[in-house]
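Letters A, B, ... are given to chains in the order of the sequence lines, protein chains preceding strands, and every chain is numbered from 1.
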Amino acid sequence: MGSGHSAHLHVDGSSLLHRLPPQVKLVGLLSFVLAVVSVPAGSLVALGCLLALAAALLLSTGVAPRHVAARLVVSLPVVVFALALPFVASGPDSALGPLTVSSTGVTAAWTVLAKGLTGILSAVAFAVTTPPTDLVAALQRLRAPALVVLVLSFMVRYLTVVTQELARMRVARESRGFRGRGLRAWPVLAAASGALFVRSYERGERVHLAMLSRGFSGRLPETSPLTARPGEWATALVPAALALTASVAARL
Amino acid sequence: MSLPVLDVRGLAYAYPGGHQALFGVDLHVHAGERVALLGPNGAGKTTFALHLNGILTPGRGSVTVSGLPVTGDSLLEVRRRVGIVFQDPDDQLFMTTVRDDVAFGPANLGVRGAELDARVAEALRAVGVEDLAGRAPHHLSFGQRRRVAIATVLAMRPEILVLDEPSSNLDPTSRRELADILRSLDVTVLMVTHDLPYAVELCERSVVLSEGTVVADGPTRAVLADAELMARHRLELPVGFSI
């Protein structure tokens, strides 16, 4: 499946993660993240190893670091929060060079940082190897509620259509000398958003007619059912198994 | 004469707001015919088309498809028999890939597996776009999207193809290619349009709908040659075009 409409995230490739069926990958990702969350706070070594595992998974996709780096900007709030924790948390103080920090805060910071980054790195590894259309198919295969699948599938399909419509409206405005700056532009922009909403709503109605015309009865038919071999399931669940082992070991 | 594929009798319809769009339309289309439904903007052409597969329910009158009345119980079968291709392919192509879109109709009819793949391949081949199966609809040119839209309906193996303004927004080459495709299909066609040269090119028979009633029904050339009738119903051939 092409990458154009998914240009923001997905990158074509042939790594192991690219080849795994999407529903298998999705279950693998979710179970891994849940297992990582279950690791007790303060298990510094275990969390460090799991973070390294997530980083290794991301590296294994072979996606250019520059592309990945841009996607990782989303982790900034987690990093900032974690860095602030040692200074704002209460508890016994300890010296860190010239600074005095809360040692409870340091443990919490490392836990938050490691768990947060592990989740984000593995989610990015999933996103860069899975086109949005495959994500929709995976959710459908995993029996997600029909309405969720429908809404997501329409979003994937019509995002470009609506964006193009928005761009055409902008060109039409600017062609008549409009410049979208300052307070005086707001009423015009509000009217344009209203017009876009009405147009999208009307398109929704027309799409519904087209669907009814081809026998739609409330649920998207699964036209190309996804299949997976037991070996693929086993592969996808390895990270989760490792994280679960770490979680159990840390409690012993 | 044989059982008509499409048998519309006294069809009248008013929108819920009160606007009366159709005032007793009669139309019969027989197997193998290609009929043009002509009329100016606002004549009720699209409203009429939406009655043919039961999207709209007649206020009065009846629609029968190959002997099957268009009513609540028979809607799924009616929608298989009557394939409507809407004017804007972006409305018709709502799935994320061409293949899934073409498979949507037959899958709703319960077709699965190899049979479904065969239907999709057959429909895409009929409109000459087999190579586009894996593409996303919004990556296609307008002409390609129109063809795929037709394939989505052909995959349901309809008895009659209803095309709403099939030539709109097409460049001359795509327009000609689409005409070649429509001629090559072995299916009854009702073409709703105000593109008169296209009607001449493709349809031997034309029906003129104006202000919600049928005002003419006959061989396309004869209908279009009636200058007085044409002028009265706001139909005009392009400048320089003669029949």
Which portion of [X] sits near chain A, non-hydrogen atoms under 4.5 angstrom:
{"X": "B/Arg99", "value": "side chain"}
{"X": "B/Leu75", "value": "neither"}
{"X": "B/Asp88", "value": "side chain"}
{"X": "B/Asp164", "value": "neither"}
{"X": "B/Leu109", "value": "neither"}

Spacing of [atom1] belonging to [X] relative to [atom2] belonging to [Y], to within rounding of 0.5 Å:
{"X": "B/Arg79", "Y": "A/Ser217", "atom1": "CZ", "atom2": "OG", "result": "10.5 Å"}
{"X": "B/Leu76", "Y": "A/Leu212", "atom1": "CG", "atom2": "CG", "result": "11.0 Å"}
{"X": "B/Leu52", "Y": "A/Ser213", "atom1": "CG", "atom2": "OG", "result": "10.0 Å"}
{"X": "A/Leu220", "Y": "B/Met95", "atom1": "CG", "atom2": "CE", "result": "5.0 Å"}

Which of parallel (below 30°), tilted (30 to 60°) and perpendicular (above 60°) describes B/Phe94 and A/Phe154?
-> perpendicular
Give me the atom names and distance for the closest heavy-atom approach of [X] to [Y].
{"X": "A/Arg214", "Y": "B/Gln92", "answer": "NH2-O, 2.7 Å"}
{"X": "B/Asp91", "Y": "A/Ala210", "answer": "O-CB, 3.5 Å"}
{"X": "B/Thr96", "Y": "A/Ser153", "answer": "CG2-O, 3.8 Å"}

Side chain to side chain contact (heavy atoms under 4.5 Å, CB included) with B/Asp90: which of A/Arg157, A/Gln164, A/Glu165, A/Arg206?
-> A/Arg157
Tell me whether [X] at atom [atom1] has more than 12 heavy atoms from other residues, nucleotides or ligands lying less than 6.0 Å away.
{"X": "A/Phe197", "atom1": "CZ", "value": "no"}
{"X": "A/Glu222", "atom1": "CD", "value": "yes"}
{"X": "B/Arg60", "atom1": "CZ", "value": "no"}
{"X": "A/Phe81", "atom1": "CZ", "value": "no"}

Could you have a look at A/Val207, A/Thr223, A/Val161 and say which one has the most heavy-atom pairs with chain B under 4.5 angstrom?
-> A/Thr223
Would you please name every residue forming a salt bridge (Lys or Arg N to Asp or Glu O under 4.0 Å) with A/Arg229, sequence neighbours left out?
->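 By the salt bridge (Lys or Arg N to Asp or Glu O under 4.0 Å) rule, A/Arg229 matches A/Glu232.
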Would you call A/Met211 and B/Phe104 a side-chain contact if the rule is heavy atoms closer than 4.5 Å?
-> yes
